[in-house]
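In what follows, a structure is listed as structure tokens, so that the remarks can point back to it.
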Amino acid sequence: MSVSKVIVPCAGLGTRFLPWTKSIPKEMIPLLDKPAIHYILEEAVKASIKHMIIITNTHKPALTNYFDPDVALEQALRDRGKENLISSLESLRTKIQLTYVNQSEPLGLGHAIGCARHIIEKEYFGVMLPDDIVVHQRGALDQLLRVARQEGGSVIAVQEVPLDCVSSYGVVGIKKQLTNHLFQVSNLIEKPSQSQAPSCLAIVGRYVLSHKIFPALDELNAYATDEIQLTDAIAQMMHKGEKVFAFKVEGVRYDTGNVLGWLKTVIGMALQNPEYADQIKGFLDDAQSTNSFLYNPEKTIDHLSKK
Ligand code: UTP
């Protein structure tokens, strides 16, 4: 199986981050010095994928601007001997081919994927949701691709979550456990209640899917009254005979799609980064030991100037 393309849907409304997302797409949210989308494309590169299809809309020029070359800025940085400040972006740009596809209305994740059908041929392809960041040396997509090639079917990334969290995720039902990490899927339920949940294996935003997802999306589209869910289309494709596997991916998963998740992501990443780790640890220790610390602006200034 050869997989050469990945779809990155970025055309949602980002309502959990309003009003901020009114003018800045949530895919551009900063995680230390780079926006979320940058980490996603780096992960695709680690999986040896070059062609990335970004689903976007006309209200998100910041996304396309980010990847456009800026000759004046590059020259200004060279003049100051500071070209290293954007070298990660320049290096990424040389490794990718971007295609932008418009989703004129946010009709759901399934609909967003369907917008790229004219670019996907009769092949398997990756899907990466930019609000799920997985920190792992090889990346989550590369792990899925290996399984897809080995098993010859579609693969969904999952991680185990506590039962009282299942209602925030898509959850897979298990037909058969094949190894410690690999399962054949029997069904998928979007945001189930605790009593409806078929397992505690929650979907992480990485998939390798067959092109057979497109006719499945068409069938859903014919009856759709609400958003078209990708999980429903995967279930439909599975009932038509496509084998679907769930693979427990390794790595730390962060959800940057809401304010609390984003705060945890930034702090978690900073604690793993040698440039910031000590100062953030010190800051968190102080904040914990002095209840009034966070509410005392004078003390905050004092503290920061000490570091
Ligand atoms: P989410 O449901 O997490 O994002 O979709 P959202 O709808 O933008 O955010 P909320 O729920 O209102 O806060 C997961 C990914 O799918 C994209 C989003 O941009 C996000 O990256 N998406 C979602 C689309 O591209 N089109 C859609 O119609 C819906």
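When a ligand or atom number is given, it counts from 1 through the structure's own listing order. The structure displayed is predicted, hence computed values, not measured ones.
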Query - Candidate list Asp232, Val172, Leu230, test side-chain contact (heavy atoms from CB on, under 4.5 Å), partner Leu188, passing option - result: Val172

Requested in this report: Using a 4.0 Å heavy-atom threshold (strictly under), name the region of Gln103 that reaches ligand 1: side chain, backbone, both or neither.
Outcome: side chain

**Report entry** contact_flag Glu27 ligand 1 heavy-atom lt 4.0 Å
**Finding:** yes

Requested in this report: Using distance alone, decide if ligand 1 has a nitrogen or oxygen within less than 3.5 Å of any nitrogen or oxygen in Pro9.
Outcome: yes

Query raised in the report: If you look at every heavy atom in Val3 and Gly126, which pair is closest and at what distance?
Result: CG1-N, 4.0 Å

Report summary line: atom 7 (O) of ligand 1: of Leu13, Val8, Thr56, the nearest heavy atom sits on Leu13

Report task. Check whether any side-chain heavy atom of Ile113 sits under 4.5 Å from a side-chain heavy atom of Pro9, and report yes or no. Result -> yes

Report task. Considering only non-hydrogen protein atoms, determine which one is nearest to atom 2 (O) of ligand 1 and report residue, atom name and distance to 0.1 Å. Result -> Arg16 NH2, 4.2 Å

Query raised in the report: Got an N/O contact under 3.5 Å between Glu105 and ligand 1?
Result: no

Report summary line: The protein heavy atom nearest to atom 22 (N) of ligand 1 is Gly12 N, 3.5 Å

Query - Aromatic plane relationship, Phe125 with Phe214 - under 30° parallel, 30 to 60° tilted, over 60° perpendicular - result: parallel

Query - 4.0 Å protein heavy-atom contact status of atom 5 (O) of ligand 1, strictly under - result: no

Query raised in the report: For ligand 1, which atoms, with element, lie under 4.0 Å from some heavy atom of Asp131?
Result: 3 (O)

Requested in this report: Please say whether Lys60 places an N or O atom under 3.5 Å from an N or O atom belonging to ligand 1.
Outcome: no

Query raised in the report: More than 12 foreign heavy atoms under 6.0 Å from NZ of Lys243: is that the case here?
Result: no

Query raised in the report: Have Gln75 and Asp79 got a donor and an acceptor in their side chains that come within less than 3.5 Å?
Result: yes

Query raised in the report: Atoms of ligand 1 less than 4.0 Å from Pro106 heavy atoms?
Result: 28 (O)

Query raised in the report: If we only count heavy atoms from C-beta on, is the Lys5 to Thr99 side-chain gap below 4.5 Å?
Result: no

Report task. Mark up the atoms of ligand 1 that fall under 4.0 Å of a heavy atom belonging to Leu107, in ascending order. Result -> 28 (O)

Query raised in the report: Looking at atom 12 (O) of ligand 1, what's its closest protein heavy atom, distance included?
Result: Thr15 OG1, 2.5 Å

Query raised in the report: Which ligand 1 atoms, with their elements, are less than 4.0 angstrom from a heavy-atom of Pro130?
Result: 21 (O)

Query - Residues Asp285, Lys281: salt bridge by 4.0 Å N-O rule - result: no

Query raised in the report: Considering only the protein, which heavy-atom contact is closest to atom 25 (O) of ligand 1, and what is its distance?
Result: Ala11 N, 2.7 Å

Query raised in the report: For atom 28 (O) of ligand 1, which protein heavy atom lies nearest, and how many Å away is it?
Result: Gly108 N, 2.8 Å

Requested in this report: Under 4.0 Å from a heavy atom of Leu109: give me the atoms of ligand 1 that qualify, with their elements.
Outcome: 16 (O), 29 (C)

Query - Glu90 bridged to Arg78 by N-O distance under 4.0 Å - result: no

Query raised in the report: Is there a side-chain contact between His136 and Gln143 (heavy atoms, below 4.5 Å)?
Result: yes

Query raised in the report: Would the number of heavy atoms belonging to other residues, nucleotides or ligands and lying under 6.0 Å from CD of Gln272 be above 12?
Result: no

**Report entry** N or O pair under 3.5 Å between Ala112 and ligand 1
**Finding:** no

Report task. May I ask you to list the atoms of ligand 1 that are less than 4.0 angstrom from any heavy atom of Lys26? Result -> 1 (P), 3 (O), 4 (O), 6 (P), 8 (O), 9 (O)

Report summary line: min-distance protein heavy atom vs atom 8 (O) of ligand 1 -> Gly14 N, 2.8 Å

Query raised in the report: Taking atom NZ of Lys46 as the centre, does the number of heavy atoms from other residues, nucleotides or ligands within less than 6.0 Å exceed 12?
Result: yes

